[in-house]
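The structure under discussion appears below in the form of structure tokens.
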Amino acid sequence: MNIENTQSQMRKGILEFCILSIIRRGEAYPSDIVDEMRAANLQILEGTLYPLLTRLKNAEMLTYRWVESNSGPPRKYFSLTPKGEEFFKELETTWNELANAVNKLASKRESLASSANNNNSTTEQPTETTQPNN
Amino acid sequence: MKKVININFQGRVIPIEETAYDILKQYVESLRRYFANEEGRDEIINDIEGRIAELFSERLKKGAVCITDEDVQAIMASMGRPEDFEAEAAETVSAASGVGGSATGQQQQSSSQQSQSTGTGTSYNTGATRRLVRNADDKIIAGVCSGLANYMRIDPVIMRILFVVLFFTGGSGFLVYLILWVAVPSQSVQSNITKRLYRSSDDKVIAGVCGGLAAYFNISTWVPRLIFALPLIIGLFSGPFNWFWGGDMGFWVGPRIVTGSLGSTLFVTYIILWIAVPIAVTAAEKLEMRGERVDLNTIRDAVKGDLESFKSKAQNWGSEVKQSAQQFGDRARQFSQSEHVKTFTTEASATARSAGSGIAHIIGVLFKAFFLFIIGMIALVLFGVLMAVLFGGPPMMAMKEFFIGGLWQNLLVGLTVFLCLGVPIIAMITWLIRRIMGVRSRNHYLGYVFGGLWFIGIISAALLAGSLSQDFKARNLLEEQVPLTQPSTGKLYVDVASDNINTRYYSSDWFYDWDGDWPIFGANMDSMLLNTVRIDVKKSNDNNFHLDKIRFSRGNDPFYARSLAEKINFQPVQNDSLLLLPKRFAISRNEKFRMQQVLLVLQVPVGKRFYLNRSISTYNWFDIRYNHHGGIDIDDSWEHTYWVETGREYVMTPDGPKQVSKLDPEALKRGEYKEKEKNEDNDEGDGDNQQKQSAPAAPSAPHAPNSRKHKDSTNDGKYHYHRDQKNDTTKVNNI
């Protein structure tokens, strides 16, 4: 079990959500997205971003238009489709639930003393409680 | 000091250092390779290239004269190398390709879960969630073998060879394959390790086949070498032994199979592999040969490895990398093209499934399987014919001499056998090897060569058939009377002389003659034995037995046919009442086989008896076409011949031969008449027969005078006598 692998696993899940939330605010150019993510201290390689964008575009979540640029070839500016909007909203609720659950778990400090053995069951219980919220 | 070149990159002219250009090219190719299975591959590459071009432009705007190595490195660091973002994106890549583009939002979500089971990083490490699927990415027919191999964590090639062997030994592999095809779902299970069979350019003795095989199966090179060389060694070793044992057929079998058929098989295999498998020249190919992942690092390592061994080539580094990168790009492009073709079937089956009718899918599968089955059967038949030619070789070659005359026909035979039979088999094996081992065909002319050779083979077969039919065109006959002394008993026994030929002939069992239908009794290099002999019985015009011998032959003209017929040596030998016929007649290789036949017409006078021994039926009877137009009309002389059974005693009556056992014994005994009704008619003619006939019957008469059974036994009397003698001798031998 190496830490980097786990970290990248964690990052991976939220990548699409992050990208969509950036684009949702308005048309975005890939390198802007990267910059913004880096500014938010979320490391991402452009080589990872392009395939993701293409995939989202192919899944009709995103659409783009060409914008002439004076510093190179024309740029692709991405924007959200209604379908993407829907998709984003679903992801958002999921994220909120998840964040809540994770935060709750991560910040919980008092009750662990009772039984170290029940670690597994305690991690499962919150996910069960989140489901009724759906 | 560095050379600067201008490149057209995304529609911009960009001055770039040559080394930087090489790095950039490598980088783009590595991306192309990495996204090879991604649906929007070209678009992604294009986007990335666009971005790179933009960064270049920015750099040039800031006052840089050209793009340097460092610039490219910096850009690569920002974009990320395939190796870097592999860990981040690998699973999403596979997920997307697994869904195959039909991904809606929901499916995309679920596919990211699926991706757990279809992870790509390394091919076989998918762990606990491993499922049996047909591999949609690495398939030859339906991906069954590949999927099974992935499931069992072995090399797909081993599984494929196993299935091919199963198919050719009973066809059970076919059924299993079919069931799995229908039952197991197709899914994308990619493996980055693509191993291909190449001939090794570094590790070679003759053509590098053994080296390539060793690399492919990950074994030491000496193993395949020993296997290929073994028959030769054993052959050298066992040669003296064979000599010592005098080359007896029985002893040959063991070493012969190893040195003979297996040896030649391996030799042919080597040659075929030589033809079918390309040699690994570039670094990328060498890596593929060893089954290592082809990416920039490994290529660089391989190239460096080469450099260490060939230090003098140091300056070629750049060009070699360039070359391998180009190769690499070509292949990636080829791959994408073939992918489009391949996806047709996948899509077809996918739509069938999505339409909710699994039946359509199954029908489709069955149809395809049926098609493959037919192809397989044709291949199998061809294979069988070749085997027959190979193993029946010596007698076949002996046979050939009797059919084929002249250089022209010999040439045609050679062409027919090797081109008509050999070429399709070699082509088939080549194709199989290429498919199974993942050999990439670099050129298509091999197919044209095979096709052309085969066509020549077909033409030569047709010419040969025409030429041969010319040789069989005319037919002629030669008629002569064989002088017979009249048997004292009035009964003629016809038997076949026992075999006294001690020359070793190839038994006809060497061919397909399991049931004795083959007219050729046996052959050796000098002569061929035929038993195309027929005996007809007809009524004699006088009171004597007569024997007519008619010899037939075919030839390219009637005169030649007649001269061939003259050369047939078939001499019946008479010993009072016993007429012994030769078992067969020989034709020498000078005369050739031209459908030589012998017809014996035995004329039996009315009232006389005759007996054809059962051994007569060992002759290969043939039909005479009495009214063969254009041929010989022998209608007149042989119109009244009768069908008689062998092993029965017959008596000739005015109506033709009658089986003695079926006649009324009373009438036969009482007088001269064969049948009651015919009494009056035959009075005179049968007068003197009575005495002769009563003589052999007399000894057994007292036992049972009037019964039919009795008659049978007396009829067989002579025969039994004859046979008893034989039995006695065998008894003596046994004691």
Side-chain angles (χ1 to χ4, degrees), chain A residues 2 4-17 20 29-35 38 42-62 64 66-76 78 81-91 94, chain B residues 9-12 14 27 30-31 34-35 38-61 75-93 95-97 99 101-109 111-112 115 121:
Chain A
N2 80 41
E4 281 169 22
N5 193 18
T6 315
Q7 283 169 339
S8 80
Q9 292 271 352
M10 281 173 129
R11 261 204 301 274
K12 205 183 304 167
I14 55 162
L15 223 47
E16 281 157 340
F17 178 57
L20 287 176
Y29 176 62
S31 68
D32 295 343
I33 298 174
V34 172
D35 290 344
R38 283 189 183 150
L42 199 64
Q43 290 302 324
I44 184 174
L45 293 165
E46 278 187 72
T48 315
L49 180 64
Y50 283 102
L52 265 176
L53 287 173
T54 310
R55 243 171 266 146
L56 286 168
K57 184 213 68 177
N58 286 344
E60 293 161 14
M61 308 287 171
L62 296 179
Y64 66 87
W66 292 103
V67 175
E68 279 299 331
S69 141
N70 48 4
S71 68
R75 298 170 154 196
K76 266 182 187 174
F78 287 91
T81 62
K83 196 175 170 187
E85 188 78 26
E86 217 171 278
F87 185 63
F88 171 78
K89 276 179 182 147
E90 276 182 43
L91 283 184
T94 313
Chain B
F9 193 65
Q10 290 286 313
R12 312 247 140 180
I14 291 174
Y27 176 65
S30 77
L31 290 176
Y34 180 75
F35 292 118
E38 182 75 40
E39 200 204 351
R41 182 179 67 114
D42 292 332
E43 193 175 357
I44 294 168
I45 302 292
N46 216 38
D47 288 352
I48 292 175
E49 278 189 358
R51 175 63 183 157
I52 293 172
E54 194 177 30
L55 291 171
F56 281 164
S57 301
E58 275 172 18
R59 199 138 311 198
L60 291 170
K61 255 185 196 167
I75 286 167
M76 276 163 65
S78 135
M79 299 298 289
R81 289 163 183 272
E83 303 90 286
D84 298 333
F85 51 71
E86 181 141 42
E88 289 194 31
E91 297 201 356
T92 33
V93 168
S97 62
V99 172
S102 63
T104 64
Q106 301 300 324
Q107 274 175 331
Q108 184 128 3
Q109 271 184 322
S111 73
S112 61
S115 69

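Sequence lines set the chain letters: A, B, ... in the order given, protein chains first and strands last, and positions in each chain run from 1.
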Handout entry: Per-residue contact mode, B:R51 against chain A (heavy atom under 4.5 angstrom)
Key =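 Its backbone and side chain both get close to chain A.
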
Exercise for the section: Kindly indicate whether the side chain of B:E49, heavy atoms from C-beta on, has any atom under 4.5 Å from the side chain of A:Y50. Expected result: no

Exercise for the section: Flag the pair A:T54 / B:D47 as yes when at least one side-chain heavy-atom distance between them is below 4.5 Å, and no otherwise. Expected result: yes

Fill in the blank from the handout: Residue set satisfying side-chain contact (heavy atoms from CB on, under 4.5 Å) with A:E85, at least two apart, ordered chain then number -> A:R24, A:L80, A:K89

Exercise for the section: Quick one: which of B:R12, B:E58, B:Q10 has the most heavy-atom pairs under 4.5 Å with chain A, could you say? Expected result: B:R12

Measuring from [X]:[atom1] to [Y]:[atom2], what's the distance to the nearest 0.5 Å?
| X | Y | atom1 | atom2 | value |
| --- | --- | --- | --- | --- |
| B:E43 | A:Y64 | CD | OH | 5.0 Å |
| A:L49 | B:M79 | CG | CE | 8.5 Å |
| A:E46 | B:I75 | CD | CD1 | 9.5 Å |

